[in-house]
2 protein chains.
Amino acid sequence: MDMAELPLARLLLMATRLVADELNEGLRAAGHPDLRPTHGFALNGIGVNGATATQLAGLLGMTKQGVAKLVDSLVERGYVERERNVADGRSVLLVLSSRGRELLSRAEDVQRRLEAEWAEHVGPSQLSALRRGLEQIVRERHAGELPPLRPIW
Amino acid sequence: MDMAELPLARLLLMATRLVADELNEGLRAAGHPDLRPTHGFALNGIGVNGATATQLAGLLGMTKQGVAKLVDSLVERGYVERERNVADGRSVLLVLSSRGRELLSRAEDVQRRLEAEWAEHVGPSQLSALRRGLEQIVRERHAGELPPLRPIW
DNA sequence: GGCTTCGGTCAGCTTGGTTGTCTATTATCG
DNA sequence: CGATAATAGACAACCAAGCTGACCGAAGCC
């Protein structure tokens with residue numbers, strides 16, 4: 001045991017890296033081997049409601065051209081489908097395919113598994129405290145709201 | 001307030017993103033405007049003891065050619081100097097320049113500022129709990145050790 | 001109807017990282 | 001010792017993610 005308290009930022013980075021690795025590993029095992037970092041964020045952004053490319057660009061903080069490429073690769077891999085938008089002939093509605101929804105629910109599985117494991121080691125109340133602390137910190141910086149989930153760099 | 005507990009992974013991602021933004025912003029303000037994500041990790045890996053390119057490659061989980069490019073850009077920017085290694089003529093010792101050390105200590109400033117701010121909002125004991133929880137979770141998955149600080153993706 | 005705005009695409013480029021090959025130095029073992 | 005193997009790094013080519021810039025068609029607004 002070391003005396004000094006570790007910088008929280010460092011711990012956050014390490015924990016997040018751990019989660020990312022675990023997600024990658026778990027999804028690979030579940031038949032989703034070739035996921036790139038942004039894929040998850042994009043699928044999450046499209047979600048159950050669908051989204052247009054421009055909305056997604058705003059959400060992820062990248063250009064619509066960048067999103068176009070990203071979406072191409074998601075369509076190729078069978079996670080996303082483009083639907084023509086009846087309300088607005090300019091835009092294309094992006095929706096999750098069943099495979100896309102399946103991927104998201106696998107990701108949730110991994111998260112649940114991780115949390116259960118953590119609860120086992122640090123205790124459920126401690127884990128709750130951790131959750132509350134993080135939530136408060138995040139909300140604090142975003143006017144009480146939760147920010148969109150974006151790739152980190 | 002929402003009833004459902006948010007997935008911890010999501011909170012971690014948001015908090016980490018927050019920290020990353022804050023670090024970028026703070027360092028930009030301190031005269032380090034053009035930092036790329038891996039720069040910080042590399043400088044941290046070199047640290048006060050210095051390191052060789054191959055060591056750094058292992059630490060960051062990338063190829064030594066990749067590291068070579070990375071180090072080039074750090075040398076260009078004046079953060080790192082290459083010293084000839086007396087003990088082993090094949091390898092080159094990478095060390096932080098004074099500007100590099102200055103950068104790291106600015107990063108620590110930002111972290112301290114953030115932690116103080118957090119302590120103010122969630123309370124110091126809550127913050128301690130958060131730190132302990134994260135530390136335990138991270139150590140758990142690395143045989144009790146702290147893993148090296150690596151870029152997340 | 002005609003200007004403006006907006007969603008998306010096409011083309012070209014930058015760049016952070018990769019694989020693959022090569023040289024120079026050090027380590028090993030007869 | 002000297003020959004051979006292993007190691008640190010350099011050079012070159014390539015790849016892919018995301019960017020900028022120019023453009024087109026659909027929709028909104030007088």
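Chain letters run A, B, ... following the sequence lines, proteins first and then strands; every chain starts at 1.
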Table of protein N/O atoms under 3.5 Å from nucleotides 15-19 of chain C N/O atoms:
residue	atom	partner	partner atom	Å
dG16(C)	OP1	R36(B)	NE	3.0
dG16(C)	O5'	R36(B)	NE	3.2
dG16(C)	O5'	R36(B)	NH1	3.1
dG17(C)	OP2	R36(B)	NH1	3.4
dG17(C)	OP2	T38(B)	OG1	3.2
dG17(C)	N7	K69(B)	NZ	3.1
dG17(C)	O6	K69(B)	NZ	2.1
dT18(C)	OP2	T63(B)	N	3.1
dT18(C)	OP2	T63(B)	OG1	2.7

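Residues satisfying the side chain to side chain donor-acceptor pair (under 3.5 Å) criterion with D109(B), sequence neighbours excluded, are R106(B), R112(B). In this structure, R132(B) has no side chain to side chain donor-acceptor pair (under 3.5 Å) partners at least two apart in sequence or on a different chain. Applying the side chain to side chain donor-acceptor pair (under 3.5 Å) rule to R101(A) yields no partners; only residues at least two apart in sequence or on another chain are considered. Residues satisfying the side chain to side chain donor-acceptor pair (under 3.5 Å) test with E117(A), not counting sequence neighbours, are R141(B).
Each ring-ring contact (aromatic ring centres under 6.0 Å, His included) pair with one or both residues in residues 87-135 of chain B, not counting sequence neighbours, would appear here, but there are none. Under the side-chain hydrogen bond (donor to acceptor under 3.5 Å, both in side chains) criterion, no residue pair touches residues 52-62 of chain B, with sequence neighbours excluded. The list of salt bridge (Lys or Arg N to Asp or Glu O under 4.0 Å) pairs with a residue in residues 50-63 of chain A, not counting sequence neighbours, is empty.
Looking at residues 22-35 of chain A, you'll see that no heavy atom sits under 4.0 Å from any atom of DNA chain C. Contacts with DNA chain D (heavy atom under 4.0 Å) in residues 88-96 of chain B: R90(B), S91(B), V92(B), listed by number. Within residues 43-57 of chain A, no residue approaches DNA chain D, by heavy-atom distance under 4.0 Å.
Checking side-chain atoms of R84(A) against main-chain N and O of G89(A) turns up no donor-acceptor pair under 3.5 Å. Side chain of R77(A) to main chain of D34(A): a donor-acceptor pair is present (N/O by atom type, distance under 3.5 Å, no hydrogens or angles). A donor-acceptor pair is defined here as one N or O able to donate and one able to accept, closer than 3.5 Å; such a pair exists between the side chain of R131(A) and the backbone of L6(B).
Grouped by direct or indirect side-chain proximity (heavy atoms under 4.5 Å, Ile/Leu/Val/Met/Phe/Trp/Tyr only), V95(A) sits with L93(A).
Nucleotide dA17(D) holds its P atom 16 Å from the CZ atom of F41(A), rounded to whole Å.
Remark: E102(A) does not engage R99(A) in a salt bridge, criterion side-chain N to carboxylate O under 4.0 Å.
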